[in-house]
Trainee: 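Sharing a structure with you now.
Just so we're on the same page: letters track the sequence lines, and every chain starts at 1.
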Amino acid sequence: MSQKTNFIAELQWRGMLQDITPNTENYLLAHQKVKAYIGFDPTASSLHIGNLATLMLLKHFQLAGHSPIVLVGGATGMIGDPSGKSKERVFLDETTLQHNIDSQKKQLAQFLDFEGVENPAEIVNNYDWFKNIGFIEFLREAGKFINISYMMGKDSVQKRLETGISFTEFSYQLLQGFDFYWLHQNKECMLQMGGSDQWGNITTGIELIKKKIGKEVFALTCPLLTKADGTKYGKSEGGNIWLDPQMTSPYKFYQYWIKDIEDADIIKFLRVLTLLDRETIENLTTEYAQNPNGLRRILAENITTRVHGKEACQKAIAASNLLYGKSTLHDFENTDAATLEEVFAGVPQKRLSKQAVAESANWVDLMAEVMQISKSDIRRLLKGNGISINQQKISENDALQTPQPKWIKDQYILLQKGKQYYLIVAA
RNA sequence: GGGGAGAUACCAAAGCGGCCAACUGGGGCAGACUGUAAAUCUGCUGUCUUAUGACUUCACAGGUUCGAAUCCUGUUCUCCCCA
């Protein structure tokens, strides 16, 4: 293993450090292999790009020669973290929860090294220790050490005092605190990390360990990814951007970074979400000062490749070039069928037989059905010149005719709503 | 327990017997400009027949009226004040 990075310094220049407990850096510098953990909430069957930043914390931690622990919240997921939530959550049933945990585990595994290195990562599930603890025992082991007013002071609780918070969610920080304690006792875990919204929960753990066994442990958080105007990243029209290719296709994933990142934030994302080193990023910054889109492509390619692999990423790029480049019908016809099929794989698609198309009364009906919007909407779009078929604008009059489309490669029709929404009808 | 206020489209918020498919703002969508940007400007934003048209909407259920989101009755829910 070659030169290891200084973890804290690395985070600092990347702008990934929000809060940090005193003495953390000294401790890390003084110890070769430290263990740190981050908890992930199994509320969905896939991680999303909001988890990417915290995942990078663990990645850098491992690159610095330390051992990361990934905690999936099998137990805490049954409770619900009030942080950042304005409403009480609905419980997930156990089958869903288990399914979510399993799929998240797989995703997490691809970002860190679990074997073949001297500081392998490991995954734990807090259900494994919580399942054996009874309520009485928990109150005696954890609850006794933390003061109510201390818990009430947390932001996550404060914000919910008006709208209401159940005892269950109120207790969440105690459970998370206990996780830290347990990992400290059983895995020598010294550090907890997370997004800055987790700071309150994390410090409860530090407090618990200090009160219970008098030991000092550490914590740090990274800023949540927000847009230059302060609003949250991570959602687009369709909702969350997931890491699971089944839920968000690599094409859509790639497009997200192209479309939804503001100029002012590109560099921030390069620092936080890629592993490019400082010098490289600085060079890129200068090189692309006048060409933010070029830089955006580098960002998108880098992230998409890491999440979905090189091959999937290249297809996403090919699809993007074909759809958003200066391409014409000719370019489509000139692309061989196999390539076209691969390229289109990630683009939203609807299967519809040629016969069904030919039998539609007109384009309006057809498009309303295929795009899942009302005919009124289609008409409005047509009036506003917002619909294209095979890269060609269509008028309202034409749209009322029976569809007699030209099938690209004898099997595709390319429908477009506005500039950014494509849909392929495949025979 | 007593008193008061309110429930309108994605959100906020007008309307208080006909001119209301419902002012306005935000959001969203589209067009122009552009960089698959931002900012700006324009249009649209209940559904449906080739629309100066029809139909279904203003918490829910009934009623008064030629006619109601607007008036009356009951139901459900929300909020505020006093105890």
Trainee: Categorize A:Asp263 for me: base, sugar-phosphate, or nothing, with a 4.0 angstrom heavy-atom threshold over every strand shown.
Mentor: base
Trainee: Do A:Asp377 and A:Arg380 meet the salt-bridge criterion of a basic N to acidic O distance under 4.0 Å?
Mentor: yes
Trainee: Looking only at side-chain N and O atoms, does A:Gln420 come under 4.0 Å of OP1 or OP2 in B:A37?
Mentor: yes
Trainee: Considering only NZ, NE, NH1 and NH2 on the basic side and carboxylate oxygens on the acidic side, decide whether A:Asp410 and A:Lys354 come within less than 4.0 Å.
Mentor: yes
Trainee: Now, which nucleotide makes the Watson-Crick or G-U wobble pair with B:A37, with each of the two distances under 3.5 Å?
Mentor: none
Trainee: What is the separation between atom CZ on A:Arg380 and atom C1' on B:C44, rounded to the nearest whole Å?
Mentor: 7 Å
Trainee: For the residue pair A:Phe178 and A:Phe130, categorise the inter-ring angle as parallel (less than 30°), tilted (30 to 60°) or perpendicular (more than 60°).
Mentor: tilted
Trainee: Using a heavy-atom cut-off of 4.0 Å across all strands, would you classify A:Leu381 as base, sugar-phosphate, or nothing?
Mentor: sugar-phosphate
Trainee: Map A:Ser376 and A:Pro292 onto RNA chain B by nearest heavy atom, then report which one ends up closer to the 5' terminus.
Mentor: A:Pro292
Trainee: Just how far, in rounded Å, is C1' of B:C29 from CD1 of A:Ile373?
Mentor: 9 Å
Trainee: How would you label the contact of A:Gln255 with the nucleic acid (heavy atoms, under 4.0 Å): base, sugar-phosphate, or nothing?
Mentor: base
Trainee: Rounded to whole Å, please give me the gap between CD in A:Gln401 and C1' in B:U50.
Mentor: 10 Å
Trainee: Given that A:Ser320 and A:Lys417 both sit by RNA chain B, which one's nearest nucleotide is further toward the 5' end?
Mentor: A:Lys417
Trainee: Taking NZ from A:Lys393 and C1' from B:G31, how many angstroms apart are they, rounded to a whole number?
Mentor: 8 Å
Trainee: Give, for atom CG of A:Leu57 and atom CG of A:Leu52, the distance between the pair rounded to the nearest 0.5 Å.
Mentor: 11.0 Å
Trainee: To the nearest angstrom, how far is A:Asp365 atom CG from B:U50 atom C1'?
Mentor: 11 Å
Trainee: A:Lys383 near the nucleic acid: base, sugar-phosphate alone, or nothing, with a heavy-atom cut-off under 4.0 Å?
Mentor: nothing
Trainee: Under 3.5 Å, is there a donor-acceptor pair linking the side chains of A:Ser196 and A:Gln18?
Mentor: no
Trainee: Whole-Å distance between B:G31 P and A:Asp377 CG?
Mentor: 14 Å
Trainee: Counting the atoms with a prime plus P, OP1 and OP2 as sugar-phosphate, which does A:Lys375 contact under 4.0 Å by heavy atoms, base, sugar-phosphate, or nothing?
Mentor: sugar-phosphate
Trainee: From C-beta outward on A:Tyr324, which listed nucleotide comes closest to its side chain: B:C33, B:G35, B:U36?
Mentor: B:U36
Trainee: Heavy atoms under 4.0 Å, any strand shown: does A:Ser374 hit a base, just sugar-phosphate, or nothing?
Mentor: sugar-phosphate
Trainee: Check the distance between B:U36's P and A:Asn291's CG and give it to me in whole angstrom.
Mentor: 10 Å
Trainee: If I take atom CG in residue A:Asn293 and atom P in nucleotide B:A38, what distance separates them, rounded to the nearest angstrom?
Mentor: 11 Å
